[in-house]
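Notes follow once the structure below has been shown.
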Amino acid sequence: DAMVIQNPRYQVTQFGKPVTLSCSQTLNHNVMYWYQQKSSQAPKLLFHYYDKDFNNEADTPDNFQSRRPNTSFCFLDIRSPGLGDAAMYLCATSRDRSDSNEQFFGPGTRLTVL
Amino acid sequence: AQSVTQPDIHITVSEGASLELRCNYSYGATPYLFWYVQSPGQGLQLLLKYFSGDTLVQGIKGFEAEFKRSQSSFNLRKPSVHWSDAAEYFCAVGAWAGTALIFGKGTTLSVSS
């Protein structure tokens with residue numbers, strides 16, 4: 001089945017230690033998104049890629065970076081995680097800009113910062 | 001600016017009873033509207049979506065939602081709730097393809113026996 005896969009499902013890191021979260025998709029979608037969801041809050045978009053075009057949300061901290069080496073994979077890099085970055089990180093995809101913006105979500109990676 | 005309001009933070013419904021979760025949006029044109037469900041520790045699953053046409057939309061798991069332009073609402077309904085429906089429900093609005101979904105803060109549904 002076509003799907004959005006996130007690895008790992010649970011990630012523990014130390015304060016200030018860089019961490020990378022992975023997302024892959026078999027849907028062949030052009031757009032990939034990263035959302036941050038803190039406890040009991042709504043998902044909040046960090047950035048998205050339309051093909052290779054990177055689009056950063058205005059209030060996304062510089063500590064968060066992303067890479068998309070090919071259509072299938074997208075990575076979220078947190079350069080120096082702080083305690084406030086502990087959250088669920090959700091990857092999503094949508095087919096194209098001409099689509100109706102239906103987004104398909106992965107299961108998420110829960111990040112713990114010690 | 002686009003926004004989504006889910007007025008109810010937490011709702012408890014008896015198993016077998018009907019359910020309505022409220023969602024109000026703010027957007028200048030006809031929006032794309034979505035309801036997602038999230039079980040604890042899981043990602044988001046799409047329940048249903050509205051783009052245009054018939055204002056009553058059927059979704060998965062027996063859910064439906066009605067778009068009311070005059071009230072800027074897109075309420076989610078289910079005639080008979082099952083214990084497995086206990087989860088977090090998010091209403092979301094999107095302007096057009098390739099942009100962010102704006103989510104409401106969510107409604108937690110508890111189901112009592």
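Lettering follows sequence order; numbering is per chain, from 1. Heavy atoms only: backbone and side chains are in, while hydrogens, waters and symmetry mates are out.
For chain A, the nearby part of B:Q38 is the side chain; its heavy atoms alone come within less than 4.5 Å. Both the backbone and the side chain of B:L44 come within contact range of chain A, each with at least one heavy atom under 4.5 Å from a heavy atom of that chain. For a residue to count as touching a neighbouring chain, one of its non-hydrogen atoms must lie under 4.5 Å from one of that chain's; by this rule A:Q37 touches chain B with the side chain only.
Across B:G104 and A:A42, no two heavy atoms sit closer than the pair O-CB, 2.9 Å.
Linking ILVMFWY side-chain heavy atoms closer than 4.5 Å, directly or via other members, places A:M32 and A:I78 in two distinct hydrophobic clusters. By the rule that hydrophobic residues join a cluster once side-chain heavy atoms approach within less than 4.5 Å of another member, A:M88 and A:L45 end up as members of one cluster. At a threshold of 4.5 Å between side-chain heavy atoms, the hydrophobic network of Ile, Leu, Val, Met, Phe, Trp and Tyr places A:F54 and A:Y89 in one connected group. Using a 4.5 Å cut-off between side-chain heavy atoms of Ile, Leu, Val, Met, Phe, Trp and Tyr, with links allowed through other members, A:F75 and A:Y50 fall into different hydrophobic clusters.
Proximity of A:K44 to B:F103: side-chain heavy atoms (C-beta onward) are nowhere separated by under 4.5 Å.
Counting heavy-atom pairs closer than 4.5 Å to chain B, the top residue among A:G106, A:C91, A:G108, A:P43 is A:P43.
From B:E88, atom CD reaches atom OG of A:S40 across 7.0 Å, with rounding to the nearest 0.5 Å. Once rounded to the nearest 0.5 Å, the distance linking CG of B:L101 with OH of A:Y33 reads 7.0 Å.
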Would you check, one step at a time, whether the test side chain to side chain contact (heavy atoms under 4.5 Å, CB included) holds for A:Q103 with B:K49? CA-CA 11 Å; A:Q103 296 185 15; B:K49 59 193 177 190; over 6 Å; no
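B:I9 CD1: 12 or fewer foreign heavy atoms inside a 6.0 Å radius. Within a 6.0 Å sphere centred on CD of A:Q14, heavy atoms belonging to other residues, nucleotides or ligands number 12 at most. Annotation: A:D62, atom CG; neighbour count of heavy atoms from other residues, nucleotides and ligands within 6.0 Å does not exceed 12.
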